[in-house]
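All remarks here apply to the structure that follows.
We name chains A, B, ... by the order of the sequence lines, and we start the count at 1 in each one. Here the structure is a predicted model, which means the values were calculated and not measured.
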Amino acid sequence: MTVRTRFAPSPTGFLHVGGARTALFSWLYARKHGGKFVLRIEDTDLERSTMESVNAILEGMTWLGLEYDEGPFYQTKRFDRYDEVIQDLLERGLAYRCNCSHERLDKLRDEAMKRKEKPRYDGHCRGIEVNPNEPHVIRFRNPETGVVAVDDLIRGRVTFNNEELDDLIIRRTDGSPTYNLTVVVDDLDMKITHVIRGDDHLNNTPRQINILQALDASPPIYGHVPMILGDDGARLSKRHGAVSVMQYREAGFLPEALLNYLVRLGWSHGDQEVFSVDEMIELFDIDAVNKAASSFNTDKLLWLNQHYIKQDDAKRIAHLLSPHMGNLGIDPSQGPDLVAVAEAHQERARSLVEMAEMSAFCYQDYEAFEEKAAKKHLRPAAREPLERMRETLDSLGEWTEETLHAAVEQVSADLDVKMGKVAQPLRVAVVGRAASPGIDVTLYLVGKEASLRRIDKALDYIRQREANVG
RNA sequence: GCUCCCUUCGUCUAGUGGUUAGGACGCUGGCCUCUCACGCCGGUAACAGGGGUUCGAGUCCCCUAGGGAGUACCA
């Protein structure tokens, strides 16, 4: 038996992290077992499904690298097949027509609640012949007794009493099939062996198993993965700040960082924190997935992101960084080589957005000195070092990291001060703030012309300060 | 309300009857150092509560509390 898993989102919004992790687990399971991963779009809710959502989901999966082997299959294209199954169920007496009004149903529910019971359909139409030409729904005839056991890969054995279940609607008045019917038919037709999905579906499972049994089919193996909660521990949902995985790309995250973060949320392999995709496939074990929901922690994601930025090839980072520079209104082709700029900042940035911001000085003059930095480093005592540096740099033959490093060392030695006394004022002069890569690289990237111009600006600032005091 | 699920540091987790309850993020002290960052060394902090079972319980059972899901002609 070859393993076949699936991801079956409903296209009513973007792909958020919860869905992405479910997809990841399902994908990993298929990859690990040399199986197939199927993508199915559950768009039977015609009101809420949109093509934009389909595209957003596809885009998210592509970005993360969760490629599917089959699909996407659209349920709206399979209505004939569902009708066929419903018809069969009807003929075999396993489903029946029902024309109970909404009013009656509402009343039933209210009364049950009043009696402190679980609201369920009372089977009113079970024995009644409803005219097929009148508006009606079709309900599945659920067994009235016995138990349904789900041997879940993650939860273990979970049992439900059939008495708790009721005759669910499998076809609406408008003739469209409902979720619990379509999943069952699709998983069956698509020969899905392992259903790995969010645990919000755990309660649906016994109903689906009952339908499967009515169809003389044996159920797949289920694995219900826990939910993901937000940073604040509150539910991460569309309504409460759930964000699209694509927003993580915009925020400057690498897909491998998000994937790594997601795989460690609810799953672990000893003390290992960093997993390449290949390692995930090799080591992933659905039995080791946690039962409890976990909270999303952006700080840890940032840490992983920094790890991957640091480790990655500077060329690739530069390539990914480029659009973020663009967002800042910078054209990286007008200035130093972006690869060199990226390399200089790889160990400093937690995200590509941060990297873009901290390396903007390589391409454009800062607007103003950071106040604290200027106050501390651009004081009268810094005037002489800066003047000397300006002189030295102006007459520097070759503008390389080596010559620049030597220049700063030379000035420090001449003045008989520690390197910091020269490098820090110089850094603030050239960058506008007190933090940047090594002073030699910084100067190299900024270039001679801009460096001298900015040093002059800093000297002006110092002179003005001296004048104010004097 | 009812049914089902869940519960180890702030967060992600290790742990499968005997551990000084381990790791990671964060926070924090230090080292390195031209700054920031990286790196390295150290610190902080947890078994939800109560009953059992057992020589022994974070680990097994029960109860309580708290959280979550479902309870739709949504998926």
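Residue contacts for A/Pro437: at a heavy-atom cut-off of 4.0 Å it reaches a base atom on one of the strands shown. As judged by a 4.0 angstrom heavy-atom cut-off over every strand, A/Glu42 is placed among residues touching the sugar-phosphate backbone only. Across all strands, A/Arg109 comes closer than 4.0 Å only to sugar-phosphate atoms, never to a base (heavy-atom distances). If you check every strand for non-hydrogen atoms under 4.0 Å, A/His102 touches a base. Heavy atoms of A/Gly438 sit under 4.0 angstrom from at least one base atom. Heavy atoms of A/Leu265 sit under 4.0 angstrom from primed sugar atoms or phosphate atoms, though from no base atom.
Checked against the 6.0 Å centroid threshold, A/Trp267 and A/Phe284 count as a close aromatic pair.
Using modelled atom types, one finds no donor on one side chain facing an acceptor on the other under 3.5 Å when comparing A/Asp166 with A/Asn142.
Contact check, A/Ser268 against B/A14: a side-chain N or O comes under 4.0 Å of OP1 or OP2. Phosphate proximity of B/U13 to A/Ser294: present, with a side-chain N or O under 4.0 Å from OP1 or OP2. Contact between the side-chain N/O atoms of A/Asn290 and the OP1/OP2 oxygens of B/U13 is found at a separation under 4.0 Å. Phosphate contact (OP1/OP2 of B/A75, side-chain N/O of A/Thr182, threshold under 4.0 Å): absent. OP1 or OP2 of B/C6 sits under 4.0 Å from a side-chain N or O of A/Lys291. Between A/Arg207 and the phosphate of B/G70, there is no side-chain N or O to OP1/OP2 separation shorter than 4.0 Å.
When the C1' atom of B/G39 is taken as reference, atom CD of A/Gln346 falls 16 Å away, rounded to whole Å. Summarising the geometry, the separation between OH on A/Tyr179 and C1' on B/U71 is reported as 15 Å, rounded to the nearest angstrom. Rounding to whole angstrom units, CG of residue A/Leu262 and P of B/U13 are separated by 11 Å. We find that CG of A/Asp166 is positioned 16 Å from P of B/G70, with the value rounded to whole Å.
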Write out a two-atom table: protein N or O, nucleotide N or O from nucleotides 24-31 of chain B, distance below 3.5 Å.
{"residue": "B/A24", "atom": "O4'", "partner": "A/Glu273", "partner atom": "OE2", "Å": "3.2"}
{"residue": "B/A24", "atom": "N3", "partner": "A/Lys300", "partner atom": "NZ", "Å": "3.4"}
{"residue": "B/C25", "atom": "OP1", "partner": "A/Trp303", "partner atom": "NE1", "Å": "3.4"}
{"residue": "B/C25", "atom": "O2'", "partner": "A/Lys300", "partner atom": "N", "Å": "3.2"}

Using nucleotides 42-49 of chain B, report all nitrogen or oxygen pairs with the protein that are shorter than 3.5 Å.
none

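Residues from residues 403-421 of chain A that place a heavy atom under 4.0 Å from any atom of RNA chain B, listed by number: A/Met419, A/Gly420.
The shortest non-hydrogen separation linking A/Ala149 to A/Ile209 is O-CD1, 4.1 Å.
In this view, A/Asn203 and A/Phe160 satisfy the side chain to side chain contact (heavy atoms under 4.5 Å, CB included) rule, not counting sequence neighbours.
Taking the six-membered ring where the residue is Trp, A/Tyr248 and A/Phe296 present tilted rings, their angle falling between 30° and 60°.
Judged as a salt bridge (Lys or Arg N to Asp or Glu O under 4.0 Å), the pairs with a partner in residues 407-432 of chain A (not counting sequence neighbours) are, in order, A/Arg388-A/Asp414.
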Determine all donor-acceptor pairs shorter than 3.5 Å in which one atom belongs to a side chain in residues 356-368 of chain A; sequence neighbours excluded.
{"residue": "A/Ser359", "atom": "OG", "partner": "A/Met355", "partner atom": "O", "Å": "2.6"}
{"residue": "A/Tyr363", "atom": "OH", "partner": "A/Pro336", "partner atom": "O", "Å": "2.9"}
{"residue": "A/Asp365", "atom": "OD1", "partner": "A/Arg453", "partner atom": "NH2", "Å": "3.0"}
{"residue": "A/Asp365", "atom": "OD1", "partner": "A/Arg454", "partner atom": "NE", "Å": "2.8"}
{"residue": "A/Asp365", "atom": "OD1", "partner": "A/Arg454", "partner atom": "NH2", "Å": "3.0"}
{"residue": "A/Asp365", "atom": "OD2", "partner": "A/Arg453", "partner atom": "NE", "Å": "2.9"}
{"residue": "A/Asp365", "atom": "OD2", "partner": "A/Arg453", "partner atom": "NH2", "Å": "3.2"}
{"residue": "A/Tyr366", "atom": "OH", "partner": "A/Ala429", "partner atom": "O", "Å": "2.4"}

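Atoms CG and CE, on A/Leu426 and A/Met419 in that order, are 9.5 Å from each other to the nearest 0.5 Å.
In this model, no side-chain donor or acceptor of A/Arg155 finds a partner on the base of B/C5 within 3.5 Å.
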